[in-house]
> 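Once you've had a glance at the structure underneath, I'll fire off some questions.
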Amino acid sequence: MTTTGAAATGAGTGTAVEDRVFAALANATRREVLRLLRDGGPQPVQALADHFDMRRPSLSEHLKVLREAGLVSEQRVGRQRIYRLEAAPLAEVQDWLHPYERFWRDQLRSLGHLLDHMPDDDPA
């Protein structure tokens, strides 16, 4: 049995849903699909496919991964499938990243403080 990093430390709430979200975001094509939906709103599969140099079945696989991760929803309108961004899982990613952002902000603040108190090497 394997555990996620957070679960292994006992500090997190790593779930299969979170793992699917992170796995979906790990792929550049899927991140681009999310960007297209964010910037352009709901779109049919063909409009999304026009942005990629791949066959529709390949894009459909990416859309399936995004659907299973809860990052997009699909609505059938006649023969078309319209995809919409579902941003709620991204808020969970942001919540997970927040302590790391705080860590790096503190590190940079400490470095700035150190540099501010170092003597200048002015040869004048």
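For clarity, every value in this text was computed on a predicted model and none was experimentally measured.
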> Answer yes if L59 and Y83 sit in the same cluster of Ile, Leu, Val, Met, Phe, Trp and Tyr residues linked by side chain heavy atoms under 4.5 Å apart, and no otherwise.
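They do share one cluster, since a chain of ILVMFWY contacts under 4.5 Å joins L59 to Y83.
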> Could you check if a side-chain atom of Q43 sits within less than 4.5 angstrom of a side-chain atom of L37, using non-hydrogen atoms only?
yes
> Compare all side-chain heavy atoms of I82 with those of E74 and state whether any distance is below 4.5 angstrom.
no
> Tell me the closest heavy-atom pair linking G70 and P89, and the distance in Å.
O-CG, 3.3 Å
> Once you round to the nearest 0.5 Å, how far does NZ of K64 lie from CD of E68?
5.0 Å
> Find the distance between CD (E86) and CG (L34) and round it off to the nearest 0.5 Å.
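Between atom CD of E86 and atom CG of L34 there are 11.0 Å.
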> For the hydrophobic clusters of this structure (ILVMFWY residues joined by side-chain heavy atoms under 4.5 Å, transitively), does one cluster hold both V65 and V33?
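Different clusters.
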> Tell me, do L36 and F52 make a side-chain contact under 4.5 Å, heavy atoms counted?
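Yes. Closest side-chain heavy atoms under 4.5 Å.
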> Can you tell me how far apart CG (L25) and CZ (R20) are? Round to the nearest 0.5 Å.
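That separation rounds to 13.0 Å.
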> H62 versus T29: any side-chain heavy-atom pair under 4.5 Å?
yes
> Below 4.5 Å, heavy atoms only, C-beta onward: do R84 and Q75 meet side chain to side chain?
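Answer yes - side chains close enough.
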> Filter on salt bridge (Lys or Arg N to Asp or Glu O under 4.0 Å), then keep only pairs touching residues 23-40, sequence neighbours left out; what's left?
E32-R35, R35-D39
> Under 4.5 Å between side-chain heavy atoms, hopping through other hydrophobics if needed: is there a path connecting F22 to L97?
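F22 and L97: one cluster.
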> When you measure from the side chain of S58 to the backbone of M54, do you find a donor-acceptor pair of N or O atoms at a distance under 3.5 Å?
no
> For L66 versus A24, what's the shortest heavy-atom pair and its separation?
CD2-CB, 4.1 Å
> Given the rule in the side chain to side chain donor-acceptor pair (under 3.5 Å) test, do H113 and R109 qualify, once you have shown the distances and angles that lead to the verdict?
CA-CA 6 Å; H113 182 74; R109 189 177 307 119; over 6 Å; no
> Below 4.5 Å, heavy atoms only, C-beta onward: do L63 and L48 meet side chain to side chain?
yes
> Can you find a heavy atom in the side chain of M118 that is under 4.5 Å from one in the side chain of L115?
yes
> With a 4.5 Å heavy-atom cut-off, do R56 and Q46 have their side chains touching?
yes
> I'd like to know whether OH of Y100 has more than 12 heavy-atom contacts from other residues, nucleotides or ligands below 6.0 angstrom.
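Open.
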> Atom CG of L90 and atom CG of D95: how far apart are they, to the nearest 0.5 Å?
11.0 Å
